[in-house]
Amino acid sequence: MKEQCDIIILAAGSSSRLGTPKQLLPYNQNTLIQHSIEVALASSAGRVIVVLGPNAEAMRPGIVNDKLGFIINEQWQEGIASSIRCGLLYLLNQLPAPQNVLFMVCDQPFINTDLLDKLITLQEQTGHAIVASKYAETKGIPAIFGKELFPELLELKGDMGAKKLIAQQKDRISTVSFPPGNIDIDTETDYRHLQKM
């Protein structure tokens, strides 16, 4: 039996540079957060966990799905590492225990189900500790981490994501090309540019 891959959507940021919650920005007859959730639910992944922070109730879309769960990161002000720990700890307390976890964010507007399924399939084929997206001469999220790296993910602190782990696993990493992965929404200028695209 193949190992299940669960998804954690990191959506607890305060969008301080934007001045308004980026998760709720309109995008493709949706919001960015709802787009991310629907893409994740349509994938071959198992559970989909959304980590929320401030304005959590406003961001919880009216989607009912038995694969979908929400959790609030009370330490969201620490940075993205706290959301990684929060989501992973939640899954570690569920049954069945997670074997592989795909982390994604909701401000990469061009993320799609096909990409997530390619990541999941490649992880199944290679068994590598990390399967990451490749864009703009870097490797990053969306990315899958195997259970052997869970202890290191739980050690992350501050506004440091998993980029360091990705850099350390040069021999145990596979990648999927995702050219628009470098487009994310951090500022009003970013969002205006997205609307023009």
Side-chain angles (χ1 to χ4, degrees), residues 3-17 22 32 36 39-40 43-46 48-51 53 73 75-92 97-187 190:
E3 293 182 341
Q4 175 175 291
C5 180
D6 298 310
I7 292 179
I8 296 175
I9 302 175
L10 305 170
S14 64
S15 309
S16 57
R17 290 167 60 190
K22 69 173 81 173
L32 283 174
S36 298
V39 162
S43 75
S44 59
V48 176
I49 305 302
V50 186
V51 182
N73 174 16
Q75 298 176 304
W76 61 268
Q77 289 170 299
E78 179 195 325
I80 195 168
S82 64
S83 290
I84 290 172
R85 298 194 312 266
C86 180
L88 186 53
L89 283 169
Y90 175 83
L91 273 179
L92 287 169
Q99 303 298 309
N100 302 287
V101 173
L102 188 155
F103 288 96
M104 57 182 277
V105 290
C106 65
D107 66 347
Q108 284 178 305
F110 294 105
I111 197 165
N112 57 67
T113 299
D114 184 55
L115 170 69
L116 302 186
D117 283 342
K118 283 179 179 175
L119 291 164
I120 291 167
T121 299
L122 189 57
Q123 198 285 324
E124 290 171 357
Q125 291 171 344
T126 64
H128 281 168
I130 297 177
V131 177
S133 301
K134 188 174 184 180
Y135 45 85
E137 297 181 11
T138 190
K139 302 179 186 79
I141 56 173
I144 298 174
F145 295 82
K147 62 184 177 182
E148 61 266 47
L149 292 178
F150 290 176
E152 291 175 67
L153 288 168
L154 293 173
E155 291 295 317
L156 294 174
K157 304 286 183 192
D159 207 26
M160 175 65 68
K163 215 68 178 207
K164 187 173 81 171
L165 290 186
I166 292 174
Q168 289 171 346
Q169 296 288 329
K170 290 178 182 172
D171 299 328
R172 303 179 65 211
I173 184 168
S174 296
T175 59
V176 173
S177 178
F178 178 38
N182 64 319
I183 299 171
D184 57 14
I185 310 302
D186 285 323
T187 65
D190 294 338

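Only this structure's heavy atoms are used, side chains among them; waters, hydrogens and symmetry mates stay out. What you see is a predicted model; the values in this text were computed from it and never measured.
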Reported CG-to-CG distance for the pair Asp117 and Leu122, which is rounded to 0.5 angstrom: 12.5 Å
Distance, nearest 0.5 Å, that separates CD1 of Ile49 from CG of Leu88: 11.0 Å
Closest contact, heavy atoms only, Pro142 versus Leu116: CB-CD2, 4.1 Å
Which atom of Cys106 lies closest to which atom of Leu32, heavy atoms considered: O-CB, 3.4 Å
Identify each donor-acceptor pair in which a side-chain atom of residues 150-163 lies under 3.5 Å from a protein atom, sequence neighbours left out, and give them as a table.
{"residue": "Asp159", "atom": "OD1", "partner": "Ile80", "partner atom": "N", "Å": "3.2"}
{"residue": "Lys163", "atom": "NZ", "partner": "Thr138", "partner atom": "OG1", "Å": "3.3"}

Counterpart residues, salt bridge (Lys or Arg N to Asp or Glu O under 4.0 Å), relative to Glu148 (two or more places apart): Arg172
Would you tabulate the side-chain donor-acceptor contacts of residues 5-12 under 3.5 Å, counting partners in other chains and residues two or more places apart, or write 'none'?
{"residue": "Asp6", "atom": "OD1", "partner": "Gln4", "partner atom": "NE2", "Å": "2.5"}
{"residue": "Asp6", "atom": "OD1", "partner": "Arg47", "partner atom": "N", "Å": "2.9"}
{"residue": "Asp6", "atom": "OD1", "partner": "Arg47", "partner atom": "NE", "Å": "3.2"}
{"residue": "Asp6", "atom": "OD2", "partner": "Arg47", "partner atom": "NE", "Å": "3.4"}
{"residue": "Asp6", "atom": "OD2", "partner": "Arg47", "partner atom": "NH2", "Å": "2.8"}

Option passing side chain to side chain contact (heavy atoms under 4.5 Å, CB included) with Ser133 (candidates Ile141, Leu119, Thr175, Val176): Leu119
Qualifying salt bridge (Lys or Arg N to Asp or Glu O under 4.0 Å) pairs, either residue in residues 98-113, two or more places apart: Lys22-Asp107
Main-chain N/O of Ala97 paired with Gln99 side-chain donor or acceptor, under 3.5 Å: yes
Shortest non-hydrogen separation from Ile166 to Gly140 and the atoms involved: CD1-CA, 4.0 Å
Of Ile130, Asn100, Val101, the residue whose pairing with Ile144 passes side chain to side chain contact (heavy atoms under 4.5 Å, CB included): Asn100
Salt bridge (Lys or Arg N to Asp or Glu O under 4.0 Å) partners of Lys134, counting only residues at least two apart: none
Salt bridge (Lys or Arg N to Asp or Glu O under 4.0 Å) against Asp114, all qualifying residues, sequence neighbours excluded: Lys118
Heavy-atom closest contact (Ala129 atom, Gln169 atom, distance): CB-OE1, 4.2 Å
